[in-house]
Amino acid sequence: MPRSKVTATLLLAVSLCLAACCLSPCTLAAAPKGGKPLVTAITKDPATLLYTSPLKDSRPLVLDLSGPLIWSTCDRSHPTLQCHHHECAHAHSYHPPDCPHTGYGKPDEEDRFRCKCTAHPYNPFAGKSATGDLTRTALSANATDGKNPLHPVSFPAVVSCAPPSHLAKLPAGAVGVAGLASSRVALPAQVARTQGVASKFMLCLPRTDAGVAIFGGGPLFLMTSTSPPAEVGVDLTTLTRTPLRSKRGSSSYYLPVKAIAVDKAQLQLPLATGGVVLSTRAPYTALRPDVYRPLVDAFDKALTAKWNSKKVKAVAPFELCYDSKTLPGPTRIGWLVPDIDLMLEGGKNWTFIAGSNTMVDVKNFTAACFGFVKMKPEKGGYGGAPAVEIGGFQMENHVLQFDLEKQQLGFAKLQIFTACSNFNFTLSH
């Protein structure tokens with residue numbers, strides 16, 4: 001075979017292999033140890049209910065569990081990676097909805113022998129995709145011992161550029177999105193490579209004030225709300241662990257949920273079709289209609305069977321709302337309403353904190369609504385949509401550890417006298 005054809009064949013094989021790795025659940029190899037984990041604050045935007053971290057020049061990037069890329073607006077003078085760069089195929093292989101599969105890049109206007117690499121940043125909140133240069137920029141966080149920040153750290157990251165119009169529907173001041181998916185060009189993998197830390201990260205999403213994210217391992221310590229406050233370590237060895245699944249063509253994290261139970265009574269739901277994903281894109285857990293209706297009816301039945309709770313007019317986006325005066329409680333953890341359990345493989349359960357993660361107070365606390373919503377159909381119907389998209393509200397005040405080396409999720413609800421907003425962000429000297 002002529003050398004030119006051999007070379008072309010090898011290049012095609014390498015390109016296909018790299019592209020397949022980004023689209024499939026590639027298991028990330030353990031990173032060389034030696035560095036310190038990085039910590040950053042998480043803020044919940046009150047207008048959009050999205051979560052951001054000040055990662056780019058102290059400006060916020062939206063955290064997206066399903067995002068395979070980091071993307072942001074860029075300066076005009078930004079450098080652009082060339083098409084042969086080893087990260088180019090990884091970044092370019094992600095094609096969002098309605099985005100055509102085009103070549104790796106575009107000709108360099110100054111050098112006709114070079115090709116500039118492009119990628120396709122996707123804004124899931126506006127439902128828009130774009131094409132932008134793949135560049136390298138500096139992101140920043142703080143090294144940590146799990147108790148507080150130690151010192152600032154600036155690290156290089158491969159980022160896709162996006163036009164300013166691509167920031168539509170993001171929180172005010174946000175300059176892009178930090179993808180947290182299990183891809184080589186998402187934030188966790190890049191931190192692992194540049195800092196020599198483990199390929200794992202923790203999220204502790206806040207209800208109010210600032211939560212915390214740690215990239216590269218643990219530990220994690222939080223302050224209590226007692227007087228005087230005390231420092232409490234989260235025992236990461238006791239987290240409930242379950243496999244993280246993947247789905248071809250999706251960069252989302254799927255959980256092996258077998259069933260959902262209301263007040264310990266298992267519901268017969270079609271979860272196998274579509275699956276159950278974790279999402280920071282959704283403020284509240286969204287369920288496909290064939291899953292939503294049985295869950296709502298079962299919750300209402302379980303609640304009214306024990307308490308004479310009075311329903312009130314629906315408050316968007318929720319359907320099932322009650323007069324707060326007729327609900328049991330409240331307590332420090334919220335209303336004493338029926339538990340919602342995600343029944344996982346191996347006999348394990350993820351129980352949403354009763355009241356705190358299932359009921360949303362509305363109308364100046366005069367009413368409370370069941371905090372689950374009906375999923376909106378995409379173009380052409382629900383298609384390959386998940387059966388359940390677990391939203392941010394249900395994950396708040398839980399420790400979630402994403403171990404990308406073992407493809408596992410570890411989770412636990414926090415102790416009653418602390419919260420995700422109780423991390424000590426005072427810089428240690």
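Counting begins at 1 with the first residue of the sequence.
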Electrostatic pair [X]:[Y] at N-O distance under 4.0 angstrom:
X      : Y      : value
Lys325 : Asp323 : no
Lys44  : Asp209 : no
Glu389 : Arg281 : no
Glu319 : Arg293 : yes
Asp263 : Lys306 : yes
Arg245 : Glu345 : yes

Problem set entry | Glu231 atom CD, over 12 foreign heavy atoms within 6.0 Å |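 Atom CD in Glu231 is packed in, count exceeds 12.
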For this session: May I ask you to check whether Phe318 and Tyr284 place their ring centers less than 6.0 Å from one another?
Result: yes
Keeping [X] on the side-chain end and [Y] on the backbone end, is there a donor-acceptor pair under 3.5 Å?
X      : Y      : result
Gln394 : Asn357 : yes
Ser183 : Pro68  : yes
Thr144 : Asn148 : yes
Asn422 : Met223 : yes
Asp341 : Asn349 : no
Thr366 : Lys363 : yes

Problem set entry | Intermediate values then yes/no, salt bridge (charged side-chain N to carboxylate O under 4.0 Å, His left out), Arg59 and Asp57 | CA-CA 5 Å; Arg59 293 177 293 176; Asp57 302 323; 3.4 Å; yes
Seminar exercise, completed: Paired with Phe372, the side-chain contact (heavy atoms from CB on, under 4.5 Å) test is passed by just one of Val388, Val360, Thr358, namely Thr358
For this session: Run through Asn397, Val234, Leu414 and flag the one making a side-chain contact (heavy atoms from CB on, under 4.5 Å) with Cys204.
Result: Leu414
Seminar exercise, completed: Taking every heavy atom of Ala138 against every heavy atom of Ser154, the minimum-distance pair comes out as CB-OG, 3.7 Å
For this session: Kindly determine whether Asp133 and Lys116 satisfy salt bridge (charged side-chain N to carboxylate O under 4.0 Å, His left out), including the steps that lead there.
Result: CA-CA 7 Å; Asp133 294 340; Lys116 290 184 175 181; 5.3 Å; no
For this session: Cation-pi check, Lys169 to Phe125: give yes when NZ or CZ is under 6.0 Å from the six-membered ring centre and within 45° of the ring axis, no otherwise.
Result: no
Exercise. With a distance cut-off below 6.0 Å to the six-membered ring centre and an angular limit of 45° from the axis, does Arg207 pair with Phe393 as a cation-pi contact?
Worked result: yes
Exercise. Quick one: are the Cys117 and Cys88 sulfurs under 2.5 Å apart?
Worked result: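 A disulfide is present here, as the SG pair of Cys117 and Cys88 is separated by less than 2.5 Å.
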Exercise. Hey, what do you get for CZ (Phe215) to OG1 (Thr40), rounding to the nearest 0.5 Å?
Worked result: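 Rounded to the nearest 0.5 Å, the CZ-OG1 separation comes to 7.5 Å.
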Problem set entry | Tyr253 vs Phe402, ring pair (Phe, Tyr, Trp, His ring centres under 6.0 Å): CA-CA, chis, key distance, verdict | CA-CA 10 Å; Tyr253 294 107; Phe402 294 78; 5.1 Å; yes
For this session: Take Asp145 and Lys147 through the test salt bridge (charged side-chain N to carboxylate O under 4.0 Å, His left out) and record every step on the way to the result.
Result: CA-CA 5 Å; Asp145 57 3; Lys147 296 183 178 182; over 6 Å; no
